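Keep in mind that this is a model prediction, so the values were computed, not measured.
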Amino acid sequence: MCGQAGSKIADSNEEIEDVEVLWDMLQKGETKSLLKKHLTTEVYEKLKDKKTSLGGTLAQCINSGCKNMHSGVGLYACDPEAYSVFKELFDPLIMDYHKISKVQHPKPDFGDVDNLDFSDLDPSGEVIVSTRVRVGRSHAGYPFPPGSNEQKRREMEANTIKALEKLDGELQGKYFSLETMKKEEEQQLVADHFLFKDDDKCLRSACGYNDWPAGRGIYFSNDKKFLVWINEEDHLRFISMQKGGNLAEVWKRLVKAIKVLEENLTFARDDGHGYLTFCPTNLGTTCRASVHIKVPKLSKAPRENGEPGSRLDEVCEKFNLQPRGIHGEHTESVGGVYDISNKRRMGLTEIEALMEMKNGILEIMTIEKELE
Ligand code: ADP
Ligand code: ARG
């Protein structure tokens with residue numbers, strides 16, 4: 001059972017412990033998570049008995065971080081209202097992660113897509129293997145995974161399919177449900193970096209895989225350069241990707257798709273947080289722009305400051321970038337190729353988030369070259 005007795009939260013299949021048990025686990029566990037840092041005794045005492053109007057609890061928000069000591073963050077919003085009801089916990093954690101001094105977010109700005117002052121980050125074609133930008137969106141009026149159920153997931157899936165039918169030209173494609181997809185096809189799509197999987201322990205403890213695979217699936221354009229994930233971590237993820245380093249092409253395609261889909265669906269958003277997402281790391285622009293990039297030297301070199309870790313980690317920290325392995329979050333690098341993306345998504349506009357990634361990646365390419 002995901003919900004607590006007496007709450008309006010739907011029955012589902014991930015165990016949410018009692019809040020006191022979770023608090024105890026967090027006190028005893030060794031973790032560097034932002035949850036541990038910001039859930040002080042004072043904040044805990046203030047929030048432990050509060051509920052959102054859907055019946056969402058603090059236990060649902062912290063279950064993942066209390067059970068997974070490897071969490072970097074460890075907190076999810078049980079439903080959109082959690083950002084205000086549990087504000088004393090979310091606000092400082094949000095400011096810490098996104099490096100902002102106030103929980104506020106500018107209006108969306110995707111830049112002047114017809115006059116972008118960048119194009120291919122790697123005209124040589126030798127360093128950047130592929131480029132991908134994704135945004136997350138939540139359907140207004142629907143809960144996040146702890147408060148969801150099979151019927152709601154199917155409703156969201158059906159509404160999205162209707163909107164996807166409006167896409168045309170290069171965005172035109174087909175929707176594939178995970179429920180009917182052949183296992184081999186699913187595995188191939190995962191291996192090719194197109195499709196999500198259900199193997200993230202943190203997301204599992206946050207109810208992210210409840211009722212799996214009901215209501216889940218993927219849409220892709222005929223050339224597989226534009227994709228939509230339905231009911232993975234967020235209700236929706238829009239993705240634009242292609243081989244090589246042409247960030248401008250990837251960005252233009254994504255912005256075009258967002259505009260069409262925004263006309264046909266209503267997304268959850270508020271002035272303070274921008275677009276609302278399940279995880280506080282994705283709030284605001286929700287934009288993660290990444291390259292798969294070859295950095296064999298930087299990843300082997302030690303930090304210049306002598307601390308443990310690689311020079312790559314050091315440079316990424318300096319430019320607000322985040323390195324991941326090539327099969328996504330919590331995976332390892334293969335052959336010196338890393339997924340490197342902007343880390344901050346809130347408190348800056350979409351085009352600024354993209355530029356943060358672009359400028360950092362250009363610096364990384366220069367440093368990698370100098371190490372030759
Ligand atoms: P996200 O949170 O952006 O969805 P994940 O880390 O879960 O990211 O990765 C999802 C999938 O996207 C993984 O298969 C990952 O390898 C792939 N991916 C991410 N960035 C790129 C990229 N630049 N090129 C190709 N695939 C990518
Ligand atoms: N909860 C996980 C952690 O704390 C993931 C955080 C960010 N990633 C995400 N997919 N939302 O490590």
Side-chain angles (χ1 to χ4, degrees), residues 2 10-15 64 76 130 132-139 142-167 171-242 254 257-258 261 264-265 267-268 277-279 282 286 288 290 324-331 339:
C2 190
D11 284 0
S12 45
N13 21 44
E14 184 63 33
E15 183 81 25
S64 182
Y76 293 85
S130 52
R132 173 183 185 267
V133 188
R134 61 84 163 153
V135 291
R137 290 289 183 270
S138 306
H139 294 282
Y142 281 89
F144 292 152
S148 202
N149 59 28
E150 193 174 327
Q151 186 202 333
K152 289 193 170 91
R153 291 190 171 92
R154 291 194 190 286
E155 260 172 46
M156 290 190 274
E157 180 188 36
N159 293 343
T160 309
I161 292 172
K162 255 191 245 152
L164 290 170
E165 282 163 8
K166 306 273 193 252
L167 295 173
L171 301 174
Q172 195 165 28
K174 209 172 157 210
Y175 178 67
F176 300 85
S177 158
L178 226 60
E179 291 177 81
T180 50
M181 191 182 285
K182 290 200 189 89
K183 257 280 152 278
E184 311 82 78
E185 199 181 341
E186 184 178 334
Q187 282 163 355
Q188 192 58 53
L189 285 169
V190 169
D192 293 341
H193 308 287
F194 295 123
L195 183 60
F196 52 87
K197 6 175 220 221
D198 62 339
D199 66 352
D200 178 343
K201 284 193 182 138
C202 297
L203 188 53
R204 181 173 301 282
S205 319
C207 301
Y209 299 142
N210 287 359
D211 307 315
W212 189 273
R216 272 77 174 200
I218 182 170
Y219 169 93
F220 42 82
S221 60
N222 297 327
D223 61 5
K224 287 210 182 109
K225 289 182 178 174
F226 174 69
L227 304 99
V228 177
W229 289 358
I230 299 190
N231 287 322
E232 189 247 2
E233 174 173 328
D234 284 310
H235 298 159
L236 294 164
R237 289 273 170 97
F238 304 151
I239 301 159
S240 173
M241 62 196 283
Q242 66 188 54
L254 182 67
I258 293 173
L261 293 167
N264 293 284
L265 292 166
F267 302 130
T277 51
F278 184 27
C279 178
N282 283 320
T286 74
R288 190 173 89 86
S290 67
R324 294 184 177 184
I326 63 156
H327 288 287
E329 201 172 20
H330 309 129
T331 66
D339 163 339

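We find the CG-OH distance between Leu261 and Tyr219 to be 8.5 Å, quoted to the nearest 0.5 Å. Distance check, rounded to the nearest 0.5 Å: OG of Ser130 to CG of Asp192 gives 11.0 Å. The line from CG of Asn159 to CG of Leu164 is 11.0 Å long, rounded to the nearest 0.5 Å. Here the OG-CG distance, from Ser205 to Asp200, works out to 8.5 Å after rounding to the nearest 0.5 Å.
The only member of Arg153, Arg154, Lys152 that meets salt bridge (charged side-chain N to carboxylate O under 4.0 Å, His left out) when paired with Glu150 is Arg154. Of the residues Leu189, Leu171, Val228, the one that meets the side-chain contact (heavy atoms from CB on, under 4.5 Å) test with Phe220 is Leu189.
The list of salt bridge (charged side-chain N to carboxylate O under 4.0 Å, His left out) pairs with a residue in residues 226-238, not counting sequence neighbours, reads Glu232-Arg237, Glu233-Arg237, Asp234-Arg237.
No side-chain donor-acceptor contact under 3.5 Å links Glu179 to the backbone of Arg216.
Minimum heavy-atom separation, Trp212 to Leu178: CZ2-CD2, 3.5 Å. Looking at every heavy atom in both residues, Leu254 comes nearest to Phe238 through CD1-O, 3.7 Å. Residues Tyr76 and Cys202 share a closest heavy-atom pair of OH-CB, 3.7 Å. For the pair Ser290 and Asp339, the tightest heavy-atom approach, listed with the atom from each and the gap, is CB-OD1, 3.4 Å. Closest heavy-atom contact between Thr331 and Ile326: OG1-N, 3.7 Å. Of all non-hydrogen atoms in Ala163 and Asn264, the two that sit nearest each other are CB-CB, 3.8 Å.
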Legend entry - Criterion side-chain contact (heavy atoms from CB on, under 4.5 Å) on Met241 and Phe194, from CA distance to verdict: CA-CA 9 Å; Met241 62 196 283; Phe194 295 123; 4.0 Å; yes
Legend entry - Chi angles and distances behind the side-chain contact (heavy atoms from CB on, under 4.5 Å) call for Leu265, Leu236: CA-CA 11 Å; Leu265 292 166; Leu236 294 164; 4.2 Å; yes
Inset, instruction - For side-chain contact (heavy atoms from CB on, under 4.5 Å), just list the numbers for Leu195 and Phe176, CA-CA rounded to whole Å, side-chain angles, deciding distance to a tenth of an Å, and then say yes or no. - result: CA-CA 11 Å; Leu195 183 60; Phe176 300 85; over 6 Å; no
Legend entry - Derivation and outcome, side-chain contact (heavy atoms from CB on, under 4.5 Å), residues Ile239 and Val133: CA-CA 6 Å; Ile239 301 159; Val133 188; over 6 Å; no
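Between Leu203 and Asp198, the closest side-chain pair of non-hydrogen atoms is not below 4.5 Å. You'll find the side chain of Arg324 reaches within 4.5 Å of the side chain of Arg288, heavy atoms only. Considering only heavy atoms from C-beta on, Leu167 comes within 4.5 Å of Phe226 through its side chain. Proximity of His235 to Phe278: side-chain heavy atoms (C-beta onward) are nowhere separated by under 4.5 Å. Inter-residue side-chain proximity for Met156 and Ser148 is flagged as met; some heavy-atom pair is nearer than 4.5 Å.
Using modelled atom types and a 3.5 Å distance limit, the side chains of Gln151 and Glu155 yield a donor-acceptor pair.
Aromatic ring orientation, His193 versus His327: parallel (interplanar angle below 30°, classes split at 30° and 60°).
For Thr286, the side-chain contact (heavy atoms from CB on, under 4.5 Å) partners at least two apart in sequence or on another chain are Val135, Arg137, Tyr275, Thr277. For Glu186, the salt bridge (Lys or Arg N to Asp or Glu O under 4.0 Å) criterion is met by Lys183, not counting sequence neighbours.
A cation-pi geometry, defined here as NZ or CZ lying under 6.0 Å from the six-membered ring centre and within 45° of its normal, holds between Arg132 and Trp229.
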